[in-house]
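First the structure, in the form of structure tokens, and then the observations on it.
Everything quoted here is computed from the prediction, not taken from an experiment. Naming: A, B, ... by sequence-line order, numbering from 1 per chain.
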Amino acid sequence: MTQYDFKAIEAKWQTYWTQHNSFAAEPVSDKPKFYVLDMFPYPSGSGLHVGHPLGYIASDIVARFRLHQGYNVLHPMGFDAFGLPAEQFAIETGQHPAKTTEENIQSFLKQLNRIGLAHSPDSKDVKTCDPEYYRWTQWIFLEIFNSWYNLDTDKAEPIDSLTDRFEKGGSDSANAYHSYEGSFTAADWRHMSDQEQHKILLDYRLAYNAYSEVNWCPALGTVLANDEVVNGVSERGGHPVIRRPMRQWAFRMRAYADRLLAGLDKIQWSEPIKEQQRNWIGRSEGANFHFQVEGSSQTIEVFSTRPDTIFGASFMVLAPEHPLIEELVTESQRAEVEAYVEWSRNRTEVERQQEKNITGKFIGAYAVHPFIEGKKIPIWTADYVLWGYGTGAIMAVPAGDSRDYAFAQHFNLEIPAIFEGVDINEGAYESKTEGILVNSAFLDGLTFKKALKKAITAIEEKGIGKGTVNYRLRDPNFSRQRYWGEPFPIVYRDGIPYGMDPSELPLRLPEVETYQPSGDGQGPLANIKEWINLPDGGVRESNTMPGYAGSSWYFLRYFDVYNKETFTDPVKEKYWMNVDLYIGGSEHAVGHLLYARLWTKILYDLGHISHDEPFQRLVNQGMIQGRSNLIYRVRDTDIYVSKGLIDQYEEVDPIHIPIAFADREDVLDIEKLKDWRKEFSEAEYILEDGRFLADWQVEKMSKRHHNVVNPDQICEMYGADTLRLYEMFLGPLEDAKPWSMQGIEGAHRFLRKTWNLFVTEDGTPKVTDGEGSKDELRILHQTIGKVQSDIDQLSFNTSVAQFMKFLNEVQRLKTSKRSILEPFLICLSPFAPHFAEEIWERLGHTESIVRAKWPTYIEEHTKVSTVTYPIQVNGKMKITLEVGAGLSKDQIEKDVLSRKEVTALLQGRSLRKVIVVPGRIVNLVV
RNA sequence: GCCGGGAUGGCGGAACUGGUAGACGCGUUGGACUUAAAAUCCAAUUCCCAGUAAUGGGAGUGCGGGUUCGAUUCCCGCUCCCGGUACCA
């Protein structure tokens with residue numbers, strides 16, 4: 001008596017695969033390679049959640065399929081191990097993040113192993129927090145630090161080639177992407193001190209120091225991520241947060257903007273993702289030009305993509321951070337303007353742009369229109385203009401821009417009409433293809449393209465500006481005031497940063513006594529004086545690198561995990577790169593994916609790798625969402641209110657709490673909440689009907705939202721193969737879907753029935769010999785074809801449905817032929833590998849199914865055949881007759897009406913098209 | 001706000017380039033087996049109306065329009081949900 005004992009089977013084959021090293025790739029081989037990669041996980045304390053396996057199973061199916069096809073497959077899985085949660089946990093408990101992280105990794109590995117993923121065994125040792133790994137992250141940072149961007153060759157070069165130029169020809173000898181504002185001759189350069197030279201070089205290096213704004217929470221003494229700030233207070237504890245500038249590292253990413261755009265054309269990513277990257281980079285052509293301020297020597301520089309609409313400019317807007325406000329504001333407006341600037345300073349960009357209320361202040365000053373004699377333009381400040389984009393100042397053209405229009409209407413400002421036939425009372429006219437300019441002097445009668453050119457020429461001739469290209473892309477901030485990240489291999493001497501000697505790497509994270517921030521805005525490393533201060537007077541960088549540092553190059557390490565000489569071996573790199581298929585969540589569409597592309601391009605420029613795009617094909621698996629619980633805190637208080645009562649309070653902020661704290665009817669267990677964190681233990685709770693009701697919403701499954709569901713219990717109840725089939729069956733890989741257990745029984749039932757198809761009650765095989773009948777071959781070949789086409793499209797739900805159909809069909813046909821069932825088992829094997837191995841063995845095979853040859857299918861059994869032939873009706877109309885619907889050719893020939901019959905049927909009718917399925921006419925179109 | 005995506009039965013979803021809407025699974029209902037239950041097997045299952053029944057009629061793919069002989073599919077305008085929005089990873 002044997003039944004499908006998934007626990008024993010799965011344990012048995014997982015052990016087998018480990019012992020036989022079944023999934024190790026050959027380092028370099030004559031075989032074609034296939035590199036299939038998952039975005040590596042951050043090992044959070046709550047373990048793997050049911051969303052992770054979705055992508056992992058999909059990539060595993062592809063990896064196993066390629067093995068069946070004879071490829072040398074690399075399918076790795078490492079860990080993105082630096083990050084905020086472990087540090088936060090350390091602050092709360094004193095536990096070292098390294099310890100927490102390692103424990104989490106071990107539990108992740110256990111969970112991953114349980115799902116039966118065909119990962120190359122070495123790859124699990126890629127952990128970004130491992131000194132043997134981050135030593136190379138630091139090394140790459142030094143490479144970036146020690147390079148500059150040559151605009152003539154359009155690539156990064158080592159910094160030495162720049163100093164060579166400076167020595168020979170001064171600052172004009174290099175056409176570099178830089179931020180240096182002066183100039184010097186070769187002789188000047190040679191006479192400079194080492195320190196002076198390094199100071200200048202910092203303006204050229206691809207990694208540089210600059211001031212940028214952060215969310216500073218004085219009460220917590222730490223910098224917060226944007227999503228840790230809710231409505232101007234910290235999510236944790238509700239303390240006020242202010243914006244504050246801080247000296248930090250950044251990359252000159254804008255130098256790569258055009259190449260990052262161009263590279264998108266040669267990789268197979270989905271169009272929406274490419275679109276998001278293009279929009280993120282946000283290349284726009286236009287002009288930078290100056291407006292003279294009335295009664296002042298100052299000018300205001302603006303950037304506009306529509307200088308052609310300059311005759312419609314009726315006011316100007318400066319970002320609240322704009323330094324000229326202080327200088328230009330009139331005394332009568334000063335108090336109001338300063339209050340406004342202070343108010344908007346502490347709002348995040350998202351808040352500022354989300355705001356539906358239109359806000360702004362007139363600063364009292366006027367600018368002079370450069371092309372309209374005697375026209376005065378009032379200068380305003382408003383926070384819909386961002387300091388970080390363009391010049392932080394705009395000329396507002398209400399007739400041509402909807403935000404300007406809304407602003408003008410709200411403050412009752414002039415809206416000059418500049419488009420022919422467009423009623424200015426109806427709103428802004430933003431078309432770039434139509435629209436003829438009027439009331440625009442020399443631009444009258446022109447449309448956008450011509451007018452733009454002419455306007456730029458006029459601006460240049462007048463000497464007030466020039467045509468420019470602007471990017472929305474900002475140089476990304478590369479510093480974090482945290483402990484748990486890569487230390488910078490940087491030493492400051494007299495305030496100038498110097499790179500460490502690469503031979504001194506890794507620069508290890510020192511042990512600290514407390515993970516608390518230093519309180520002055522420096523990271524916790526600043527607390528360790530003996531580490532920060534070197535005996536020779538040098539001072540180390542106290543910041544650490546952000547989460548995306550280690551993840552920007554990990555894919556280069558997987559085929560050379562233990563290399564101590566270099567970050568990756570060039571021969572292996574050439575063989576394995578680039579990644580054939582990269583699978584991960586679409587939430588990384590712009591962040592990680594753009595940084596990884598940037599690092600790849602820099603490493604390519606510097607000659608370290610042979611490919612300049614890392615990921616040839618990218619597929620974004622849709623998120624499996626979780627159901628989160630929320631409770632409401634009355635703003636600026638310690639009072640929490642039950643869901644039904646929130647209307648009685650002016651403003652409440654939603655706070656996420658763990659899903660386990662509320663029952664099915666959303667009643668909150670307040671005691672659990674109080675035990676959870678101290679901020680809740682002393683808070684006040686306002687109940688309704690004697691209960692406290694939590695709210696809920698569907699959103700991303702993440703530790704932050706405390707809504708994580710763990711897959712272990714599913715493996716426990718149904719087994720990994722059921723989990724794998726079920727997750728694939730849930731829906732298309734790329735769609736988002738909320739997690740649900742409904743229907744998992746069906747997947748399990750399918751495996752049990754399939755088991756009984758192959759094996760008798762006493763465990764012996766049931767299969768018989770003989771060739772398949774037509775019907776049997778058809779369902780088999782349809783199944784093979786379906787799986788193959790689904791592998792290309794990375795959408796497996798219909799494959800699983802096809803397996804179930806196969807089962808129904810062979811049961812109906814009472815099929816037991818080995819020639820039908822064995823090929824089916826190979827098709828099923830990537831989806832339910834343990835199950836397939838076990839049956840395979842029972843069928844008498846001595847070799848593992850993992851490398852069994854993929855079955856071929858015969859086209860005539862699978863192809864949808866369509867017979868289309870034109871028919872003349874009433875001498876004139878052409879008619880197409882379509883036949884088919886997933887039938888084999890012979891069936892069509894048998895069932896379909898003959899051409900003569902159809903023609904007879906159509907006699908005397910004025911029809912255009914006839915749609916026919918076998919044997920009957922379905923739709924006669926009149 | 002801006003950028004990207006989505007919406008189809010009670011539920012997850014299927015429908016290849018505009019041509020039988022609802023494959024496959026879950027759930028539900030009825031039946032078989034059983035002393036009974038579980039498991040298993042068989043059948044029905046978009047909704048509404050009529051009929052004892054076979055069956056017949058009507059509506060139907062988020063909302064409002066449009067193109068077409070024909071629209072889940074293409075176009076225009078909305079609503080709601082999800083992801084990103086630069087320090088979550």
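Checked against B/rC24, B/rA86, B/rC88, the side chain of A/L84 finds its nearest nucleotide in B/rC88. Set against B/rA14, B/rG83, B/rG5, the side chain of A/P272 has B/rG5 as its closest nucleotide. The nucleotide whose nearest atom lies closest to any side-chain atom of A/L730 is, among B/rG12, B/rA14, B/rC88, B/rG12. Taking every side-chain heavy atom of A/Q248 into account, B/rC87 is the closest of B/rC87, B/rA89, B/rG25. Here the side chain of A/R749 is nearest to one of B/rA86, B/rC26, B/rG83, namely B/rC26. The side chain of A/P732 has B/rA14 as its nearest neighbour among B/rC87, B/rG12, B/rA14. When the nucleotides B/rA23, B/rA89, B/rG13 are ranked by their closest atom to the side chain of A/P85, B/rA89 comes out on top.
Here the separation of B/rG58 from B/rU52, taken at their C1' atoms, is 22 Å to the nearest Å. Using C1' as the reference atom, B/rG4 and B/rG13 are 23 Å apart when rounded to the nearest Å. Straight-line distance between the C1' atoms of B/rC41 and B/rG64: roughly 49 Å, to the nearest whole Å. For B/rG65 and B/rG6, the P atoms lie 24 Å apart once the distance is rounded to whole Å. For the P atoms, the distance linking B/rG9 with B/rC48 amounts to 14 Å, nearest Å. Rounded to the nearest Å, the gap between the P atom of B/rA7 and that of B/rC63 is 13 Å. One P atom belongs to B/rU55, the other to B/rG62, and the distance between them is 30 Å to the nearest Å. Look at the P atom in both B/rG77 and B/rC3: the space between them is 13 Å, to the nearest Å.
Here A/F806 contributes atom CZ and A/C827 contributes atom SG; the two are 8.5 Å apart, rounded to the nearest 0.5 Å.
Atom CZ of A/F750 and atom P of B/rC26 are 12 Å apart (whole Å). To the nearest angstrom, P of B/rC88 lies 11 Å from NE2 of A/H705. For the pair A/F729 CZ and B/rC24 P, the computed distance is 10 Å after rounding to whole Å. Regarding A/Y42, its OH atom lies at a distance of 13 Å from the P atom of B/rC88, rounded to whole Å. Rounded to an integer number of Å, the gap from CD of A/E228 to C1' of B/rA89 is 12 Å. We find that CD1 of A/I273 is positioned 12 Å from P of B/rG6, with the value rounded to whole Å. Between the OH atom of A/Y548 and the P atom of B/rU85 there is a distance of 13 Å, given to the nearest Å. What separates CE of A/M728 from P of B/rA14 is a distance of 13 Å, to the nearest Å.
Using a 4.0 Å heavy-atom criterion, one finds that A/H592 contacts no nucleic acid atom at all. Using a 4.0 Å heavy-atom criterion, one finds that A/Q88 contacts no nucleic acid atom at all. As judged by a 4.0 angstrom heavy-atom cut-off over every strand, A/V223 is placed among the base-contacting residues. Nucleic acid contact class of A/Q481 (heavy atoms, under 4.0 Å, all strands): base. If you check every strand for non-hydrogen atoms under 4.0 Å, A/I744 touches nothing. Residue contacts for A/V214: at a heavy-atom cut-off of 4.0 Å it reaches a base atom on one of the strands shown. The residue A/G591 sits apart from the nucleic acid: no heavy atom pair falls under 4.0 Å. Residue A/E275 is classed as a sugar-phosphate contact, given heavy-atom separations below 4.0 Å to backbone atoms only. Residue A/S740 is classed as having no contact, given no heavy-atom separation below 4.0 Å to the nucleic acid. As judged by a 4.0 angstrom heavy-atom cut-off over every strand, A/S551 is placed among residues making no nucleic acid contact. Among the protein residues, A/P738 comes within range of no part of the nucleic acid, since none of its heavy atoms lies under 4.0 Å from any strand.
Between A/F478 and A/Y548, the distance separating the two ring centers is shorter than 6.0 angstrom. Aromatic pair A/Y483/A/Y515: centroids less than 6.0 angstrom apart. For A/Y208 and A/W249, the ring centers are positioned 6.0 Å apart or more. Between A/H706 and A/H656, the distance from one ring center to the other does not fall under 6.0 angstrom. Within the 6.0 Å centre-distance limit, the rings of A/H748 and A/Y718 are counted as a close aromatic pair. In this structure, A/F82 has its ring center closer than 6.0 angstrom to the ring center of A/Y134.
In B/rG9 the O4'-C1'-N dihedral to the base is within 90° of 0, which defines a syn nucleotide.
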Secondary structure of RNA chain B per the Watson-Crick/G-U criterion (both distances under 3.5 Å; [ ] crossing, | other strand, . unpaired) is (((((((..(((......[....)))((((((.......))))))(((((....)))))..(((((..]....))))))))))))....

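The side chain of A/N797 places an N or O atom within less than 4.0 Å of a non-bridging phosphate oxygen (OP1 or OP2) of B/rA14. Close to B/rU40, at under 4.0 Å from its OP1 or OP2, lies a side-chain N or O of A/R752. Contact check, A/K700 against B/rC88: no side-chain N or O comes under 4.0 Å of OP1 or OP2.
A donor-acceptor pair is defined here as one N or O able to donate and one able to accept, closer than 3.5 Å; no such pair exists between the side chain of A/R474 and the backbone of A/G388. At distances below 3.5 Å, at least one donor-acceptor pair connects side-chain atoms of A/D475 with backbone N or O atoms of A/M253.
For residues 803-811 of chain A, proximity to RNA chain B is found at A/M804, A/K805, A/N808, defined as any non-hydrogen atom under 4.0 angstrom from a strand atom.
When each of A/G83 and A/Y726 is assigned the nucleotide of RNA chain B with its nearest heavy atom, A/Y726 is the one assigned upstream, toward the 5' end. Where A/N279 and A/Y595 each meet RNA chain B at their nearest nucleotide, the meeting point lying more 5' is that of A/N279.
Salt bridge present: A/E271 and A/R278 bring a charged side-chain N and a carboxylate O closer than 4.0 Å. Using a 4.0 Å cut-off between charged side-chain N and carboxylate O, A/E87 and A/R482 make no salt bridge.
Classified by interplanar angle (parallel below 30°, tilted 30° to 60°, perpendicular above 60°), the ring pair A/H52/A/Y56 is parallel.
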Listing, residues 730-740 of chain A side-chain donor-acceptor contacts under 3.5 Å, not counting sequence neighbours, or none:
residue	atom	partner	partner atom	Å
A/K737	NZ	A/P732	O	2.7
A/K737	NZ	A/D735	O	2.7
A/S740	OG	A/Q742	N	3.0

